[in-house]
Chemist: 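The structure under discussion is supplied below as structure tokens; questions concerning it will follow.
Basis for what follows: all heavy atoms, side chains included, without hydrogens, waters or symmetry-related copies.
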Amino acid sequence: MTITADTVPVAIEWHKFIVGSSFYIPCLDRQGVADQVAASAKERGMKVKSRFVFERGTQGVRFWRIT
């Protein structure tokens, strides 16, 4: 599954995404991105938590791996 944030493809290094780690994707369509990442994580047997945040002057979604 390809993750896209506002039509821009996003590469996620899933093999490095360990429990307790997080990553940030800047975007306007926060729910769309959150749904894509959650579905892709589920395909890999992972669960993620997401939160809408502002970082370095941009809005986006931060994801944490919880299992």
Chemist: Using every non-hydrogen atom in the two residues, find where Ala5 and Pro26 come nearest and quote the distance to one decimal.
Modeler: CB-O, 3.9 Å
Chemist: Tabulate below the donor-acceptor pairs under 3.5 Å that side-chain atoms of residues 16-25 make, not counting sequence neighbours, or state none.
Modeler:
residue, atom, partner, partner atom, Å
Lys16, NZ, Glu13, OE1, 2.8
Ser21, OG, Ile18, N, 3.1
Ser21, OG, Ile18, O, 2.6
Ser22, OG, Arg62, NH1, 2.8
Tyr24, OH, Thr58, O, 3.0
Tyr24, OH, Thr58, OG1, 2.9
Tyr24, OH, Gln59, O, 3.3
Tyr24, OH, Gly60, N, 3.4

Chemist: Enumerate, atom names and distances included, each donor-acceptor pair closer than 3.5 Å involving a side-chain atom of residues 38-48, sequence neighbours excluded.
Modeler:
residue, atom, partner, partner atom, Å
Ser40, OG, Arg44, NH1, 2.7
Arg44, NH1, Ser40, O, 3.0

Chemist: In this structure, are over 12 heavy atoms from other groups packed under 6.0 Å from Arg65 atom CZ?
Modeler: yes
Chemist: So, do Thr4 and Gln36 sit near enough that their side-chain heavy atoms are less than 4.5 Å apart?
Modeler: yes
Chemist: Taking side chain to side chain contact (heavy atoms under 4.5 Å, CB included) as the test, write out the residues that go with Asp6, two or more places apart.
Modeler: Cys27, Leu28, Asp29
Chemist: Same cluster or not: are Ile66 and Val33 linked, directly or through other Ile, Leu, Val, Met, Phe, Trp or Tyr residues, by side-chain heavy atoms under 4.5 angstrom apart?
Modeler: no
Chemist: Let me see the working for Ile3 and Val37 under side-chain contact (heavy atoms from CB on, under 4.5 Å), right down to the final yes or no.
Modeler: CA-CA 7 Å; Ile3 307 295; Val37 171; 4.1 Å; yes
Chemist: Any side-chain heavy-atom pair from Phe52 and Gln31 closer than 4.5 angstrom?
Modeler: no
